[in-house]
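Beneath this line is the structure, given in structure tokens, with notes to follow.
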Amino acid sequence: MGESSAAIWTDQLLRTGRAVFPLRRRRVLFRLGLVAAFAINNLVSVVRRLLDEEHGVVWDILGLITCTAFLALIAVSVWQLITQRPALTVDRLGIRIGKRRPGLGWSEIAKIGSLSGIRGAQMLPVIPKNVWANHLNVTQDNVKDLATFAHWLKELVEQHKSEVQS
């Protein structure tokens, strides 16, 4: 869905009442490969240090902690690869990322922000009216073309504002 066009997003929203953007598997695979490369490098370093006679216990402990952290990141990436979660959902109520996190209702959205970040790692903030509330950051993990998505989302926000006013 995140690779599709705005016309397909609109069609799904009108037909089913929601447009769901699961995680894009290529992005997760890339992240998994990157983390695995660092984990292997770290593991080799820790094994070398453990085989060396003159080493400090502190470095061994730090090495094992970082290996554990890398394994946790790999586990999360594998889980995301299999489940394609957290999914971005745009429906009649508003927009949310994941099931457990609260989303923003259409009436709670102040504006759709500007794209930020470098190509391939961009973010689109959805800014709430309540300045104390958390804003949502839509990343390219769910939607490939964030510029088109931003335009589509702005149209939806305007559409819902005009429905409320009339």
Side-chain angles (χ1 to χ4, degrees), residues 1-4 9 18-91 93-106 108-154:
M1 185 72 172
E3 310 275 338
S4 304
W9 302 336
R18 64 184 181 154
V20 179
F21 301 87
L23 281 180
R24 296 171 43 227
R25 289 203 166 139
R26 281 188 179 175
R27 297 274 301 187
V28 178
L29 275 173
F30 176 76
R31 186 170 42 242
L32 180 61
L34 195 62
V35 170
F38 280 112
I40 290 169
N41 182 35
N42 188 44
L43 186 61
V44 168
S45 174
V46 168
V47 169
R48 280 185 186 164
R49 214 177 294 116
L50 288 173
L51 294 176
D52 187 14
E53 293 297 324
E54 296 180 21
H55 61 279
V57 176
V58 174
W59 289 111
D60 292 343
I61 293 171
L62 286 175
L64 293 174
I65 289 172
T66 56
C67 279
T68 306
F70 278 124
L71 287 175
L73 287 173
I74 288 172
V76 168
S77 294
V78 167
W79 177 81
Q80 287 180 333
L81 184 65
I82 294 169
T83 63
Q84 288 186 293
R85 292 184 187 156
L88 169 68
T89 305
V90 178
D91 58 18
L93 301 175
I95 182 172
R96 72 178 181 280
I97 300 175
K99 290 183 179 180
R100 294 191 180 111
R101 297 182 208 163
L104 289 174
W106 294 114
E108 300 169 2
I109 297 174
K111 70 176 185 171
I112 307 301
S114 301
L115 288 176
S116 64
I118 60 173
R119 185 176 168 261
Q122 292 180 326
M123 270 194 297
L124 175 70
V126 180
I127 302 165
K129 289 180 181 176
N130 180 359
V131 295
W132 299 108
N134 289 333
H135 62 277
L136 294 176
N137 282 321
V138 179
T139 65
Q140 289 182 305
D141 285 352
N142 297 91
V143 182
K144 183 176 184 177
D145 187 0
L146 280 181
T148 302
F149 183 76
H151 181 69
W152 181 70
L153 209 53
K154 286 176 185 176

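All values below were derived from every heavy atom in this structure, side-chain atoms included, with hydrogens, water molecules and symmetry-related copies excluded.
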Evaluate the side-chain contact (heavy atoms from CB on, under 4.5 Å) criterion for residues I95 and I109: first the C-alpha distance (whole Å), next the side-chain angles of each, then the deciding distance (0.1 Å), finally the verdict.
CA-CA 9 Å; I95 182 172; I109 297 174; 4.0 Å; yes
Nearest 0.5 Å, please: how far is CG in L146 from CG in L115?
5.5 Å
Go through the steps to decide whether R27 and K144 satisfy the test side-chain contact (heavy atoms from CB on, under 4.5 Å), and finish with yes or no.
CA-CA 10 Å; R27 297 274 301 187; K144 183 176 184 177; over 6 Å; no
Qualifying residue for side chain to side chain contact (heavy atoms under 4.5 Å, CB included) with F70, from V35, I65, I40:
V35
Just verifying a value: how many Å separate L64 CG and L43 CG, rounded to the nearest 0.5 Å?
9.5 Å
When you measure from the side chain of N142 to the backbone N and O of F21, does any donor-acceptor pair fall under 3.5 Å?
yes
With rounding to the nearest 0.5 angstrom, report the CG to CE distance, N137 to M123.
5.0 Å
With heavy-atom distances below 4.5 Å as the criterion, would you say the side chains of T148 and H151 are in contact?
no
Any side-chain to backbone donor/acceptor pair from W9 onto M1? Under 3.5 Å, distance only.
yes
Work out which heavy atom in I74 is nearest to a heavy atom in A36; give both atom names and the distance.
CD1-CA, 4.1 Å
For residues 121-133, the side chain to side chain donor-acceptor pair (under 3.5 Å) pairs (sequence neighbours left out) are none
Heavy atoms of L104 and P128 approach each other most closely as CD2-CB, 3.7 Å
Main chain of Q84, side chain of R25: is a donor-acceptor contact present, judged purely on distance under 3.5 Å?
no
What heavy-atom pair brings Q80 and P86 nearest, and what distance separates the two atoms?
NE2-CD, 3.8 Å
Working to the nearest 0.5 angstrom, can you tell me the gap between C67 SG and L62 CG?
11.0 Å
R48 side chain near V44 side chain, heavy-atom distance below 4.5 Å:
yes
In a check of side chain to side chain contact (heavy atoms under 4.5 Å, CB included) between L88 and each of V143, V20, L136, which one passes?
V143
With sequence neighbours excluded, give me every salt bridge (charged side-chain N to carboxylate O under 4.0 Å, His left out) pair touching residues 29-44.
R31-D141
Side-chain donor or acceptor of R85 paired with backbone N/O of L23 under 3.5 Å
no
Got a donor-acceptor contact below 3.5 angstrom from the R96 side chain to the A87 backbone?
no
Closest heavy-atom contact between P125 and S114?
CD-O, 3.3 Å
Roughly how far apart are W59 CH2 and L50 CG, rounded to 0.5 Å?
14.0 Å
Roughly how far, to the nearest 0.5 Å, is CG of L124 from NZ of K154?
8.0 Å
